[in-house]
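Beneath this line is the structure, given in structure tokens, with notes to follow.
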Amino acid sequence: MLQHITLPRGPIELAADLHLPDDVEEAAPLRAVVLSTPGSSVKEQIGANYASRLAARGIAALVFDPAHQGQSGGEPRDLEDPYRRGEDISYAIDTLSTIPGIDPHRIGVLGICAGGGYAVHTARTDHRIKAVGTVVPGNMGTSFRGFQPDGPVVALDTMADARIEETRTGELTRVNWLPDTLEDAATAGLSDIDTTQAITFYRTERGGNEHSTNRRLARGDSLLLGYDAYHLVDPLMTQPLQVILAGRIGNTGSYESGMQLWKLAPNPVDLMVIEGAGHYEMYDEPEYVDAAVDRLVDFYSEHL
């Protein structure tokens with residue numbers, strides 16, 4: 001059962017989908033999970049694949065478009081602000097806690113890819129979150145610093161000059177998350193399996209969505225460069241943690257990030273490596289998603 005709802009977030013609203021078990025009216029107050037999804041994705045993509053499966057197994061699941069993205073409000077558009085992404089999760093919990101039939105004391109979070117880092121960062125200080133599940137979690141700060149060919153400091157200097165120019169002209173710059181086509185990737189010399197699988201998912205009918213623009217507001221990149229999703233995890237994020245990783249180690253860094261998180265967390269309770277799966281295959285390949293959800297359901301059933 002799917003309900004389209006809106007989440008108040010200060011002066012704007014977030015577009016959200018609440019996935020509920022079909023027998024919700026007969027059930028006791030439900031445990032629930034808020035999903036934090038990959039950068040650039042919208043609620044109908046990866047989040048829906050996991051949320052619908054969780055609901056089919058008796059766990060309410062809320063997935064939303066981040067502020068400034070998808071069908072949610074917020075200007076300027078296409079902003080990827082890691083701090084606001086974390087705030088979005090807390091606002092989602094505000095609304096979820098008021099919905100009849102949801103137990104506000106049994107709410108967890110599920111973070112996927114960059115959303116894994118955002119979920120962890122939020123759970124450190126929002127202890128309404130009682131359990132933290134992650135699938136191929138990434139730390140966007142580590143990733144972005146690693147992407148800079150001349151290092152993050154040179155990149156920040158360049159961004160400072162660009163922002164001065166944008167302020168002068170009033171023209172905002174947007175950049176691609178990914179090449180729009182496999183042909184564009186080949187022209188750029190990008191032929192690794194992770195890049196091609198990302199494009200095949202996000203930029204084709206397989207996983208594409210009209211509200212996922214594949215564009216990122218460039219002025220937000222300085223925020224990503226200074227971000228650390230795992231800062232103070234070791235003393236503050238005492239909730240039970242589950243980490244699910246793809247067994248094929250690629251260039252996304254999610255395997256290394258997940259292992260780092262596992263070692264940092266004060267209460268790690270379940271680690272799963274799905275052999276044969278790649279990072280982007282964890283988004284929608286039924287064999288791998290079903291295996292992950294089976295394990296997630298066990299985790300949430302025990303800890304929520």
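Sequence positions, counted from 1, serve as the residue numbers for this chain.
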How close do [X] and [Y] get, counting heavy atoms only, and between which atoms?
X: H279; Y: S254; result: ND1-OG, 2.9 Å
X: G207; Y: Q45; result: O-NE2, 2.7 Å
X: R248; Y: G278; result: NH2-CA, 3.2 Å
X: G47; Y: L35; result: O-CD2, 3.5 Å
X: G10; Y: Y91; result: N-CE2, 3.8 Å

Rounded at 0.5 Å granularity, tell me how far [atom1] in [X] sits from [atom2] in [Y].
X: I46; Y: S212; atom1: CD1; atom2: OG; answer: 7.5 Å
X: M237; Y: D126; atom1: CE; atom2: CG; answer: 12.5 Å
X: L14; Y: T6; atom1: CG; atom2: OG1; answer: 9.0 Å
X: S36; Y: F64; atom1: OG; atom2: CZ; answer: 6.0 Å
X: Y118; Y: R85; atom1: OH; atom2: CZ; answer: 5.0 Å

Side-chain donor-acceptor pair present, Y230, S257, cut-off under 3.5 Å: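 There is such a pair between these side chains.
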
Residues T195 and D192: side-chain donor-acceptor under 3.5 angstrom: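 The answer is yes; a qualifying pair exists.
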
Heavy-atom neighbours of H105 NE2 exceed 12 at 6.0 Å: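 For H105, atom NE2 is not crowded (no more than 12 foreign heavy atoms under 6.0 Å).
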
State, yes or no, whether a side-chain contact exists between [X] and [Y] at a heavy-atom distance under 4.5 Å.
X: Y50; Y: L296; result: yes
X: L225; Y: Q148; result: yes
X: M259; Y: L271; result: yes

Ring centers of Y283, F201 separated by less than 6.0 Å: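 Yes.
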
